There are 2 protein chains.
Amino acid sequence: MANRRASITDLAKTLGLSPSTISRALSDHDDVSEATKARVRQLAEELHYQPNQLAAALRRGRSNTLGVLVPHITGHFFPQVVHGIATEAAKLGFNVMICQSNEDSRQEQKNIDLLMNSQVEGILVSLANTTHSFGHFEAVRQQNIPLVFFDRVVEDFSGSNVSAVMIDDYQGAYQVVTHLIEQGCTRIAHFTGPLHLNIHKNRHQGYRDALQAHGLPIDDELIMFCEMSQKGGTAAMRQLLKLPQRPDAVFSSNDLAAIGAIQAVKSARLRVPKDIAVVGFSNEMFTMLTEPMLSSVDQRCEQMGKTAVQLLQKMLKSGPNRQGPPKPIVLKPKLLVRESSQKR
Amino acid sequence: MANRRASITDLAKTLGLSPSTISRALSDHDDVSEATKARVRQLAEELHYQPNQLAAALRRGRSNTLGVLVPHITGHFFPQVVHGIATEAAKLGFNVMICQSNEDSRQEQKNIDLLMNSQVEGILVSLANTTHSFGHFEAVRQQNIPLVFFDRVVEDFSGSNVSAVMIDDYQGAYQVVTHLIEQGCTRIAHFTGPLHLNIHKNRHQGYRDALQAHGLPIDDELIMFCEMSQKGGTAAMRQLLKLPQRPDAVFSSNDLAAIGAIQAVKSARLRVPKDIAVVGFSNEMFTMLTEPMLSSVDQRCEQMGKTAVQLLQKMLKSGPNRQGPPKPIVLKPKLLVRESSQKR
DNA sequence: GTGAAAGCGCTAACAG
DNA sequence: CTGTTAGCGCTTTCAC
């Protein structure tokens, strides 16, 4: 019963015209008479004609589709970025095909192949955290398909059609610590995850440099390598509270651990921010819900998605023969000061 | 410089074989000799041959792609569902094309067209909240493209290839209220949004029926039509606390308003759950972060996505000529009792 | 202003 | 086991 859709050939036959004319009329080509266009359009309407993008794409060699590959679509960050990507892509007239690597390098590779097979015109990728070799991007580079890494990028993978969008974690951390110092804090602790991950490395460096720039010592005692979860934050804070001289502030590399810290402070009958100020990182939705509300750093997730698409389009437009690869774009993060770090 | 990809024709020429043989070899067809297959595969490997899905899809008449249309990819619910969809689709060998309606009926319509033009094999939709007419789904139905609505469904839109996946809001609400009653609560308030929205209507009805089933009166004073935000919840709670006889529990139709209620209770120097028990709805991530942790109802978002894809595949397999439309699937929600509603 | 013809890359029926 | 042929639906020269 499959009601086959009307094709250009069908329209052509019905109107006694040639397929070429129909095609031209539908794409509002200049050299088709208005009269003909009108007839064609009307019949198309009547028959609910739907152009077959597959065929058009095949013929044109352009699919009008962008490929997106993210580790997953859960949590806070990736959905937001994907939202930014989808929105911007739609605005520029691209379709979007989305794949998840599930943090698995093997799946990442398969999905890259899949996207290339699907003839996407460009690819946006955030790396799986298990990815350490980049052979699968070699093919993309060779085919000169524009490739934009975002957030989790390959630093030493360049090419005339490869670029990246990141957020300046260093800068964000630096701002946080400066802000805490301005609030009068002098013993500022830092919660961080493993430093082989870029985000932690950079945030940590921002922390150190900001302290030094303001003439404050770096006290290893105050640097906690902890699991960046609520529990991890609570545990780390408990330990800090046992120090002979406890800290007067905590900068946590994410919001979850910051919340954990706040809870530990509270249950030790101390107050945030009076006794200990706390700042997180990422501006998760729940930062507005805690008591006190948590200061944090906004990562401009949506902006990142949007920027990545724009960058891709720029590469698409200029073609691969421009002067050198496009410069990576580094977004400025935004410190949001809320109750948890405002002493007065 | 665009390094054109190797095509089947290229392989054929190089090996002195016909395209058909190459095609068959690559798809591991039975009637190609192992020797030939080996040669073909090796050359394909060497040349980094990538099959052109567009061409294959056009020829086969099957694109292997599912279309997804959601209001947006933000917040908690939709990203989760999309994640479920993407994961299950990948498992079943489908690509996924994702569009956002931005809660706009007009965009919804355009995106439906887009998906159909892209020759998707099936469509998964959650309606924009501004959609009140359904003409744009008419075309989908006529073309017999399997269509699955999820969460926000069209109730009176049926067809041999149309179905739906929902969650049983009524049941969830009923469970909540029963649980509160079992905790000894007798004056249970309800925060709800406008009742023309299905989710609110059903949750509200579950509330009423559970009260009645346990012989408790329905007190209009305790039913608060409020903005379902944190602020809205706080405001509503403040009002309730002014009543001569205040409630001993609140069932909020979402988590955000529930958090607001908790904050109001706390700042009135009353205790949750001792004085007033609170339960939300949706099991947002932040329910684990509040003090006390918020009891809520899990909507099985990922499961919903997964189920929707499975349902779609079933329709795809059985074809449009089965006996009647597939039955809508109603998922059972899961009450999660946490601190905010446990009296002992 | 319109038509004829060719072909994007692949697959499937049919023939040997 | 392999090749020939035809064509999915569309666009785009090139003619008229």
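Below, chain A is the first sequence line, B the second, and so on; all start at residue 1. Note that the structure is a prediction, hence the values are computed from the model and not measured.
Distance check: A/Phe78 CZ to A/Gln100 CD gives 10.5 Å after rounding to the nearest 0.5 Å. With values rounded to the nearest 0.5 angstrom, A/Leu54 atom CG is found 10.0 Å from A/Gln119 atom CD.
Relative to the side chain of B/Ala55, the nucleotides C/dA12, C/dG9, C/dT2 differ in distance, and C/dG9 lies closest. Set against C/dC10, D/dT12, D/dG3, the side chain of B/Asn52 has C/dC10 as its closest nucleotide. Checking C/dG3, D/dT2, C/dG9 against the side-chain heavy atoms of B/Leu17 singles out D/dT2 as nearest.
Distances shorter than 4.0 Å separate none of the side-chain N or O atoms of B/Thr21 from OP1 or OP2 on D/dT2. For the pair A/Tyr49 and D/dG9, the criterion of a side-chain N or O lying under 4.0 Å from OP1 or OP2 is not met. Contact annotation: B/Ser20 side-chain N/O to D/dT4 OP1/OP2 distance is not under 4.0 Å. Under 4.0 angstrom from either OP1 or OP2 of D/dT2 there lies at least one side-chain N or O belonging to B/Thr36. Between B/Ser23 and C/dT11 there is a side-chain N or O to OP1 or OP2 distance below 4.0 Å.
Atom NZ in B/Lys13 sits roughly 13 Å away from atom P in D/dT4 (whole-Å rounding). Residue A/His29 contributes atom NE2, which lies 11 Å from atom C1' of D/dT13 at whole-angstrom precision. In this structure, B/Lys37 atom NZ and D/dC1 atom P are separated by 9 Å, rounded to whole Å. Between the CD atom of A/Gln119 and the P atom of C/dG9 there is a distance of 9 Å, given to the nearest Å.
Open room surrounds NZ on A/Lys110; 12 or fewer heavy atoms of other groups in view lie less than 6.0 Å from it.
At the heavy-atom level, A/Leu58 lies under 4.0 Å from base atoms of the strands shown. Residue B/Leu54 is classed as having no contact, given no heavy-atom separation below 4.0 Å to the nucleic acid.
Among the candidates A/Val125, A/Val68, A/Leu115, A/Ile112, the single residue satisfying the side-chain contact (heavy atoms from CB on, under 4.5 Å) test with A/Cys99 is A/Leu115. With B/Thr21 as the fixed residue, the side-chain contact (heavy atoms from CB on, under 4.5 Å) test singles out one of B/Leu11, B/Leu26, B/Asp31, B/Thr36: B/Thr36.
Evaluation of atom-type donor-acceptor distances gives a pair under 3.5 Å for the side chain of A/Arg24 against the base of C/dG3.
Between its opening and closing five pairs, the helix from C/dG1-D/dC16 to C/dG16-D/dC1 changes axis direction by 40°, a value rounded to 10 degrees.
Put simply, the side chain of B/Glu108 gets close to the backbone of B/Ala128: a donor and an acceptor are under 3.5 Å apart.
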